[in-house]
Structure formats: C-alpha cells, structure tokens
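Read the structure below first, then the notes.
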There are 2 protein chains.
Amino acid sequence: MPRIPAIERRAALVHAALHVVAERGVAAATTRAIVAQAGMSLASFHYAFTSRDELLGELIDTALEQEKRTLAPALAPEFDPVSMRDAIRAGLEQYFLGVKADPQREKAMFELTHWAMRTPGMHALARRQYDRYYALAEAALDVASEKSGASWDRPPAHIAALLVAITDGLTIGWLVNRDDAAAAALMDFAADAVARLAVGPDESIAQERMRQS
Amino acid sequence: MPRIPAIERRAALVHAALHVVAERGVAAATTRAIVAQAGMSLASFHYAFTSRDELLGELIDTALEQEKRTLAPALAPEFDPVSMRDAIRAGLEQYFLGVKADPQREKAMFELTHWAMRTPGMHALARRQYDRYYALAEAALDVASEKSGASWDRPPAHIAALLVAITDGLTIGWLVNRDDAAAAALMDFAADAVARLAVGPDESIAQERMRQS
DNA sequence: GTCTATAATGAGATAGAC
DNA sequence: GTCTATCTCATTATAGAC
C-alpha cells in the first residue's frame, strides 16, 4: 500500500466512520468496521488515531460540517420579500427534506450526541454540536428576517433555541413514525408560532391586536 | 440461592437493567453488568431471558410505566379553572421537574428509542413507546381542557403530537446545555403557542380577532 | 510508515454438575 | 432451578518484521 500522510489517513477514516455510524449506528462502528470501510488495515487505525474515542470526537465536527452543507440551500436568499411565516415554513421544509433524504445520518447525529454525553471528557463536544445548531438556526432566522423585512421581539439567539428544539422533536417523531402528514402539521404550527414572535411589515398589525386584547 | 419463580427473576433483572441503563447507558448494559446489579449469576440471566435483546425489549415497557407514574402529578386536576395557557404551562413545568429530578432516566429513554430503531425487529417497540407518549400527552390535554373550560380547534391527537415533539426538543436541549432559563423560555413559548389552538371561554375573543385579520 | 500477527480483555451464550 | 466453569467470538490496542 502507498504511503499516505497521516492527515489524509485521518480524514479517510473519519469519512469511513461517518458512513458506518450512519448505516449501522455508533455501537456497530468498531475500529474493525471502520477500517474495513476505509480499506485499511487495523494497525493503520492506531497509527492515525490513538483511540476509537478520539476518532468519534472528530467525527462529530465533520458530520456537522456535512449537515451544514446540506442546509445551505435553505439559507440561500433566492426568492424575495415574503411573510415571515412563509420564510420560516420554507426553511423548515428545506431542513425536513434533508432529513428525509438521509434519515440514517440524522439518526447518527442523535446517537453521537448521546455518546458524547455518556463518554467521560466528551460532553463538551455535545455542547459544541448544539452551539453550532443554534448558530445555524440563527443564521436561518437572519435570512428569514431579511426576506420578510420583519425583525424579532427578543434576542434572535433565544428564538434560535426554540427552533432547534422544534426541529429536534420533529426529527425524532418522524424517525420513529415516518408520518409525513404529522411532520407537515408540526412545521405549519411551528412556523405560525415562531412568526408571531416577529414584529414588522407583515406582522405588526396582528401583533398590535394581540397586545391590546 | 433460593428458588425464585422465573417471572420474578425476569422482573428483578429488568429492574436491575433499568438502573444500569440509566446510570451508564445502553452500551454499558451488558448481561454481566445487569446480573451484577441484580446480585445473580450470569447463568440465571439466560434462564430467565433467551437473549439480551429480549430483556431490553421488556425494559422499554417497564421504563414507560415508570415514566407514567412520574407524570401522574401533572395529570391530577388538583387546582381549578384557570386559563388554557396556564394549565399547559403547569403541565410542562411538572414534566420538566421530572426530567430535572432524574436526567439519567430521560437520557436512557432516548437511548432505548434509538436502540430499538437500530435493532432488527425492534422498531415496533419505538413506535409503541411514542404511541404511549402521545396518549399521555392527550390525557394531559384533556385535563387542561377540563381545567380551563376550553376545547381544541383540531383533533387532540394532533396537538398531542406537537406537545411530544416540543417536550422532546426541550429535553434534549436541556440535557446538553443544562440551561434552566432557556428551558423556561421554551416552555413559556410552547404554552402560548399551543394555547392559541384552543377555543373557548378565555381564548375565543383572541381567536376571533386572529381569524378576522 | 505499513503491515501481519497476536496480546489482553470482555462480550453473549451454554454445558453439565449439583 | 441454580450454579461454576467454559466456549466462542469480537473488541481495542500493540509488538515487531519489513
């Protein structure tokens, strides 16, 4: 076998691990399964990484990058001024299409979160994972804000946290039941509810009425 | 050791397994760890269960029963007519107190769901788990409906699904970040948003205004 | 740097004495 | 019915030849 720089070997192993974890779960992602997927020998693994845990740690960051790329279309402001409600609903739809396109990867992300929470010294990884989710949601909210011309009645970071919680619940529920109609209903509800937290062109009138009642 | 009926031995093993899974996770719940916790020999395990998977299957049902008992206080209609929003908020608070009281158990429930989804022939268990969550949420909504005198603008089962998704998201977020303030903000938001789906004494006026706008 | 071979450990499950 | 002892297999990790 050719000589491969350690850095590339690490990347290849992480890539292979991502595939195994998504396909068969964290528990099945043994060093053997990973090197088999990567077409390497077992010893090469321990040349590139000191332990399986070290690889799984890196895996979370890599998987997040991949998820981010998947979500990119949702952040692209390709169409124009629209209501806040519709902008959020469209963002959720885009997210959900990503989930449907690769349910295994989504399952894997949850499993990795739980693995990190359970593994000594790895809890911080779970936090960083969610920090990035929040940042991603906040970016999406910014886009929605620009599209609709409305802004928020509270810190966008707070709303981002709501959005992440809703998408998590949406995702788990769909993974368990595969009920597209229920998912759509939840997204409609979430879009309505979150949009009510906006103030601006479209929503100010309704907001004002609510406040007076 | 005394003779113990197989049925009791099964119960004891499930109980021990629940402890191990909550404390150290599904992956650490080996047959050895479980029998050690139960104070039995390894052979006794395979006398009572044909496999580890069979036990984990039973475990989900038992854990659900336990969760249900924990939630009972939230369903007890101990105080009186109040707004739908406050009834829901109180129910969420009660649920959240349960999560804070035993975070490990909550983590375990998620891990068991994911285990069931990954294990051949066990996916149906995950569905049943969520069916019970939905039923539990629906019962809670009934209580809220009675307390407030309001009713719903759509099938309670649909609203129950929303509520479960929200509590799932709430729970994961809190397990990762342990941010009580963020959890409270999410519960406030959820209570407001869900209460808007009610029609009746308190909400009919606001509902009517929304419809006209 | 990379490989084969193997050490060391722990897993689920079982045989067979009592 | 219950136990000890063991089987068989898979795991992470490493030693040492090349």
Side-chain angles (χ1 to χ4, degrees), chain A residues 1-21 23-60 111-112 114-116 118-122 125, chain B residues 1-21 23-60 111-112 114-116 118-122 125:
Chain A
M1 285 287 275
R3 278 191 172 192
I4 301 174
I7 184 77
E8 286 180 24
R9 213 168 260 281
R10 283 174 73 99
L13 284 167
V14 166
H15 181 79
L18 193 54
H19 185 267
V20 175
V21 170
E23 214 61 36
R24 288 151 52 202
V26 171
T30 65
T31 52
R32 282 177 161 73
I34 294 166
V35 296
Q37 177 67 34
M40 289 186 204
S41 76
L42 185 53
S44 302
F45 183 97
H46 287 287
Y47 181 76
F49 291 97
T50 62
S51 73
R52 174 176 177 267
D53 282 359
E54 189 191 337
L55 179 143
L56 288 182
E58 269 209 25
L59 186 58
I60 292 182
E111 290 181 13
L112 285 170
H114 287 293
W115 170 83
R118 286 285 190 197
T119 307
M122 298 289 176
L125 279 177
Chain B
M1 284 290 276
R3 280 190 171 193
I4 301 175
I7 182 79
E8 288 181 23
R9 213 169 260 283
R10 283 173 73 99
L13 282 168
V14 166
H15 182 80
L18 192 53
H19 185 268
V20 174
V21 171
E23 214 61 36
R24 289 151 50 202
V26 170
T30 65
T31 52
R32 285 174 162 76
I34 293 166
V35 296
Q37 175 68 32
M40 289 184 203
S41 76
L42 184 53
S44 301
F45 184 97
H46 286 288
Y47 181 78
F49 291 96
T50 62
S51 72
R52 175 177 175 266
D53 281 358
E54 188 191 338
L55 179 141
L56 287 182
E58 269 208 27
L59 186 57
I60 291 182
E111 290 181 13
L112 286 169
H114 288 292
W115 170 84
R118 286 285 189 196
T119 308
M122 297 290 174
L125 279 177

Looking at the side chain of A43(B), which of dT14(C), dT2(D), dG12(C) is the nearest nucleotide?
dT14(C)

Ignoring hydrogens and angles, are the base of dG12(C) and the side chain of R32(B) linked by a donor-acceptor pair under 3.5 Å?
yes

Nearest listed nucleotide, side chain of S41(A), among dT14(D), dT4(C), dA13(C):
dT4(C)

Is there a side-chain contact between F45(B) and M40(B) in this structure, where contact means two heavy atoms from C-beta onward sitting under 4.5 Å apart?
no

For the pair made of CZ in F45(A) and C1' in dT4(C), what is the distance, rounded to whole Å?
18 Å

Should Q37(A) and E23(A) count as side-chain neighbours, where that means a heavy-atom distance under 4.5 Å?
no

Length of the CE-C1' vector between M40(A) and dT2(C), whole Å:
11 Å

Rounded to the nearest 0.5 Å, the OG1 atom of T31(B) sits from the CG atom of L42(B) at a distance of 5.0 Å

E8(A) CD to dT2(C) C1', straight-line distance once rounded to whole Å:
15 Å

Nearest-nucleotide check on DNA chain C, A33(B) vs S44(A); residue mapping nearer the 5' end is S44(A)

Against the side chain of R52(B), the closest entry in dA13(D), dC3(D), dA13(C) is dA13(C)

Determine: side-chain N/O of R9(A) to OP1/OP2 of dT2(C), distance under 4.0 Å, yes or no.
yes

In whole angstroms, the gap separating C1' of dT14(C) from NE2 of H46(B) amounts to 8 Å

Rounded off to whole Å, could you give me the CG-to-P distance for the L42(A) and dA13(D) pair?
10 Å

Which of dG12(C), dA13(D), dT2(C) is nearest the side chain of T30(B)? It is dG12(C)

Whether the side chain of R118(B) engages the backbone of V26(A) through a donor-acceptor N/O pair (distance < 3.5 Å, no angle test) should be reported.
no

In this structure, how many angstroms lie between the P atom of dT14(C) and the CZ atom of F49(B), rounded?
15 Å

I need the CD-C1' distance between E54(A) and dA13(D), as an integer number of Å.
14 Å

For the residue pair L59(A) and V14(A), what are the closest heavy atoms and their distance?
CD1-O, 3.5 Å

Over how many whole Å does the gap from Y47(B) atom OH to dG16(C) atom P extend?
18 Å

